[in-house]
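Written out below as structure tokens is the structure these notes cover.
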There are 2 protein chains.
Amino acid sequence: MPRSPTSQRLTDAAIGLFNERGYDETTVDDIAARAGVSRSTFFRYYRSKEEVIFPDHDALLAKVEARLRASTAGTAIVAICDAVRIVLAHYVEDAEVSLRRYRLVGRVPALRHREIASVARYQRLFREYVGDWLAGTPDAPLRAELMASSVVAAHNQVLRGWLRAGGSYDPFEPLDHALQYVIRTFRHLENMEGPREGEDQVVVAAFPRSASPDDVMDAIRAHLGSRQ
Amino acid sequence: MPRSPTSQRLTDAAIGLFNERGYDETTVDDIAARAGVSRSTFFRYYRSKEEVIFPDHDALLAKVEARLRASTAGTAIVAICDAVRIVLAHYVEDAEVSLRRYRLVGRVPALRHREIASVARYQRLFREYVGDWLAGTPDAPLRAELMASSVVAAHNQVLRGWLRAGGSYDPFEPLDHALQYVIRTFRHLENMEGPREGEDQVVVAAFPRSASPDDVMDAIRAHLGSRQ
DNA sequence: GAATGCTGTGAGACTCAGTATCGTACGCTT
DNA sequence: AAGCGTACGATACTGAGTCTCACAGCATTC
């Protein structure tokens, strides 16, 4: 959904002013004036001065939640690893804005707090999802917390690296690498019980050590494709 | 480090008023009046209205940092597991205040954000410590981030449980149990070499029958990551 | 016993974020 | 053209946080 032109002008004005003279030195009046609207209008579009820097965060969270709900992944950890990709994708999507925001957030404690708080919402979402999934198994809340925090941490680590490098490469490979770490780490925690239904389909495949991930993927894709 | 009587009266007045009529409904003037001092004096002791709820947080962080510096633990993960005990100990020390604050924080978003932000500082401290420790080893930043976030997550999970239960038991046993989990989990991470040369790489995956080929592919891709 | 300097406090003015209310201009339907 | 809803601007208000200044208490020093 394309944001309204007014809201777009407001964020542009805000980011511009924040970079020119700093966050604290910029008043909401300044932003509204540059955007050519009144102060009232600013607060109609954004509930606070901070929010102008983090628009569509709620929407993103909702998207992640939807993906999680629709997930048919085999394990909880894979489901949330999959979902966290959406978050990274969102940052990559308009890298320009992400980078400017990153530099800003690094300098302004209030914004940093805001960002941390929003990250905590993802973590909470993941925690609840995994908690439901594992319900009944031993130490479910603890394992849920650990898995959620690890996936979020992996994402953040990759994102930070990418932002620090000025968004100069494709961050999904490092993300996969990091999530791979997490999944392997938690596999022994997750599979304490066997598959939940007796009717699972099982894939067993053996490859030479020299096979690259792509080789593996191709072979499995070919196999799955034949069974549709 | 006994806090000054004025500062003590201020926090008492604040917590009392917050509980009686709510956080937003209490002004700094109200707090100052009940404590028998002026508004100016309030802001001399606390930089903000939020801070009155989280006194000595900086001191605690410093204590944790000192413990970390003095640590002689054999591995980074054990060192930060050890350090995080100080944090729990601080909450347990005056359980009364911790519990009242917990109930308050649960109801007031502004305070929740504040708390989350302060937790993030521990995590950052741990991350940097582990990062230094692991410097030079493969994926050091990633593993540092994961270890730090896991230890913090374990602590938070135990703390939340203890607070929800009204502080009715000794939380150090569950903490040890949780940290044991973390340590055991990350031992796996240390031994993460791939299959040995000459042996096949084997993929075994189980999926619900409802899983589409794409689901299977996604899951396997996630497991394989970008490992070459 | 004054003069001096330091420290903690109160008073008041000021800026700005955020909320609430009201009037009004514009576009749309019938 | 009349009616109607929506978006906007204007204005006033509350309260957090900052800053400056004045003053009282209390020591030291000559």
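Hydrogens, waters and symmetry mates play no part in the numbers below; they use all other heavy atoms, side chains included. Here the structure is a predicted model, which means the values were calculated and not measured. The chains referred to below are lettered A, B, ... by the order of the sequence lines, with proteins before strands, and numbering in each begins at 1.
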* Asked: With sugar-phosphate meaning primed atoms plus P, OP1 and OP2, does R39(A) contact a base, only sugar-phosphate, or nothing at under 4.0 Å between heavy atoms?
  -> base

* Any cation-pi pair here, R184(B) with Y181(B), using under 6.0 Å and within 45°? -> yes

* To do: With heavy atoms under 4.0 Å as the rule, sort S40(B) into base, sugar-phosphate or nothing.
  => base

* Sugar-phosphate only, base, or nothing, as touched by Y46(A) at under 4.0 Å among non-hydrogen atoms -> nothing

* To do: Take atom CZ of R21(B) and atom P of dG15(D), then tell me their distance rounded to the nearest Å.
  => 11 Å

* Structure fact -> Separation of dC16(C) atom P from Y23(A) atom OH, nearest Å, is 14 Å

* Between atom CZ in F42(A) and atom P in dC16(C), what is the gap in whole Å? -> 14 Å

* To do: Please tell me which of R44(A) and T26(A) maps to the more 5' nucleotide of DNA chain C, matching each residue to the nucleotide holding its nearest heavy atom.
  => T26(A)

* Any cation-pi pair here, K49(B) with F43(B), using under 6.0 Å and within 45°? -> no

* Is it the case that S149(B) and R127(B) place a side-chain donor and acceptor less than 3.5 Å from each other? -> no

* Structure fact -> Taking every heavy atom of A117(A) against every heavy atom of I116(B), the minimum-distance pair comes out as CA-CG2, 4.4 Å

* Would you kindly give the CG-to-P distance between L17(A) and dC16(C), to the nearest whole Å? => 14 Å

* Asked: Starting at CD of E51(A) and ending at P of dG18(C), how long is that distance when rounded to a whole Å?
  -> 10 Å

* Asked: Given atom CZ of F43(A) and atom P of dC16(C), what is their separation to the nearest angstrom?
  -> 13 Å

* Asked: Starting at NZ of K49(A) and ending at C1' of dT19(C), how long is that distance when rounded to a whole Å?
  -> 17 Å

* Would you please confirm or rule out a distance under 4.0 Å between OP1 or OP2 of dG8(C) and any side-chain N or O of Y45(B)? => no

* Asked: For dG10(C), does OP1 or OP2 lie under 4.0 Å from any side-chain N or O of T41(B)?
  -> yes

* Atom CG of D29(A) and atom P of dG9(D): how far apart are they, to the nearest Å? -> 12 Å

* Name the one of V158(B), L159(B), V152(B) that satisfies side chain to side chain contact (heavy atoms under 4.5 Å, CB included) with H155(B)? -> L159(B)

